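I have placed the structure first, in the form of structure tokens, so that the comments after it can refer back to it.
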Amino acid sequence: MKIVTKTYLLISVLVAVAAINLLLLYQEGSNQNLESHAIVEIADIKVKAESISGFAISIANGNLDDREKMEEEFNAVDYLLQQIQNGKDIHGHPVSMPAIEVASHFSHILTEWDIYKSKALDVKETSVFDKDATNAVNYVLQKNQDLVLLTDRLVNELDPLDRNFNKHKKISETLAENARIIGQQTLLISIGEDGNSQDILKEKKLQFEIGLRKLLGIPTVGLDVISVGEQHEDLETIPREYSSSLRKLEPLWESIQIRIQILEERALLSPEFNTTKNEMIEQKIVLFEHVDHVVEIWSERLVSENNSEEGIVQLLLVINVIIFVIVLFVVKQSMSPLESITGAISKVKEGIYGEKIEYSGSDEVGELVSNFNIMSNTIKEKEQEARKTDIAKDEFLAMITHELKTPLVPIQGYADILLSEHLGKLTVKQKERISIIKNSSETLLGMISDLLDAQKLELGQLRMKKEIKNINETIASSVNSLLPEAERKNVQLVSNIKDIEISHDPARIKQVITNLIKNSLTAVSPGTGKIELSIDDFPKEIKINVKDNGIGIPINYQKDLFKKFYQVDATLTRESGGSGLGLAICKGIIENHGGQISVVSNQDQGALFSISLPKDAENEQSRSPIGTA
């Protein structure tokens, strides 16, 4: 059966059930006496009382438009109680006066309603927020941005200072973090989502005060430093030229600290409002109890007179439940294949093809499932064919590059023999031509080696001979090999690397560093060019940085920079003999060490290449093939 047909059928069933329900309810209502309507109206008092509570609190919050709505609810309840007490019609519907056994309880509702009405009016006229706390919140939120800016500026001012001021720098960073947290917690208090914000605010205020005093050289005696994990200590005085932000920070913090003290001691909501609201809620509960009691005893009296009608209502409920369950079951059965389709599509999105969805229906969903299964199988077959083609291509490329490399060795060898003049003297022009042959063969050999390395990395066949060795020696070897070329081009090549023992393949890491330095030598200008190598030592890894002041790399080219055969400027690269594989190989080598390589650059502003290597060899893991950046 088609889904559309099922839908029309289900709608028809629901319409029929609704019609039967209306008919039965109409017949039931025609048999109800006047008391049933009175019970409903009395029960409605609770709804209106709840609305009145909401309006009262809303008006106290400043929503004056709700005054008229609240007055309407008051009048509605007064009208309802008066009409029931006198047995008069309510909006055209006749009701019965309370029976003798109900009348005394109904009089309690009248009394409690008058009290509740008075309490609601008191809430309406009471201010919600504590004025001092509100002013404190507004002040802190207004000044927090200045506090954050000053602490950030302080961090920047202290950054150039030497290692004697490392403690000062750490404290300034903590001040900046605490300034942001103070703003966040104050904002939570302002929107009523405070939770434990007051405790957090108190802790961060103390931490900020301790840190500020230490930087200012003010004793911290008298402050509970232990409670926040701090200690009393005297720090070296910060030079005046680096303390401009610190001097501005002190008076600003003094003014903010006073307001935070208010927020620690006082809630945002005024105590008077809380007291008045609680009294209204308590009285509302009392009113509800009396309403419930009247409804209960009046309903029991009514039920005792209409036991015969109870069976009809119960039967109606059972039928409704059965029909609802049937409809729910049919809808679930019709929609269940969609979950399977969604799951299968998610797997296709993840690259898992060929899984079939089991569904035997002949409706629209069945057609969709059939088409999806065909599509999934087709994609799987195409993917397998593409994978076989890629493997064959990679194996062929590896073989052909190896075969190309073989004849280059004797070419280089004979060129060296000729240049050494073992076979006879050469003229200047002959030496020049043979040197061209040798340099060209070396360039071609380098490109073939890059192809071999790229394919080995792609196929997972490039072996890494890792050992615990000083990374400084590895980098120095690469730098020393390129110093003559840098001097020839009049480029400054500076290395600031310290001794760190880590697990790595010295030859491969040297290959990476050499490639990056060569790229920088191409990018910088002779005479003004500068290439700087540095290292950052972190607890779990080291980061090697290669920075130059060259032409830079446009941002729109950087996302594909580490893909195979990608070249930012094809013309320039061809002129300098590049293959477009260097950075892709670098990425593969670094990722096989469990690290990462990245670049930060803008056009005409130089480039910074960073390599991260883990200190712990156990953290290394296999990476994806190169060229998939």
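Treat the numbers as computed from the prediction; the structure is a model and nothing was measured.
In summary, the side chains of K202 and Q261 do not present any donor paired with an acceptor at a separation below 3.5 Å, with no hydrogens or angles considered. Side-chain N/O atoms of S245 and E157 include a donor and acceptor closer than 3.5 Å. Side chain to side chain, D152 and N156 fail the donor-acceptor criterion of an N or O pair below 3.5 Å. Between S478 and T514, the side chains place a donor N or O and an acceptor N or O closer than 3.5 Å (distance only, hydrogens not considered).
The minimum heavy-atom distance linking S610 with N545 is given by the pair OG-OD1, 2.9 Å. Contact record, D224 with L206: O-CD2, 3.4 Å, taken as the closest heavy-atom pair.
Formation of a donor-acceptor pair under 3.5 Å by the H168 side chain with backbone atoms of E236 is found in this model. No donor-acceptor pair under 3.5 Å is formed between the side chain of S525 and the backbone N or O of T528. No side-chain donor-acceptor contact under 3.5 Å links Q511 to the backbone of C586. Checked by atom type and distance alone, the side chain of S601 pairs as donor or acceptor with a backbone atom of G606 at under 3.5 Å.
Look at K204 and E177 and you find no salt bridge, because none of the NZ, NE, NH1 or NH2 atoms lies under 4.0 Å from a carboxylate O.
Other residues, nucleotides and ligands place no more than 12 heavy atoms under 6.0 Å from the NZ atom of K547.
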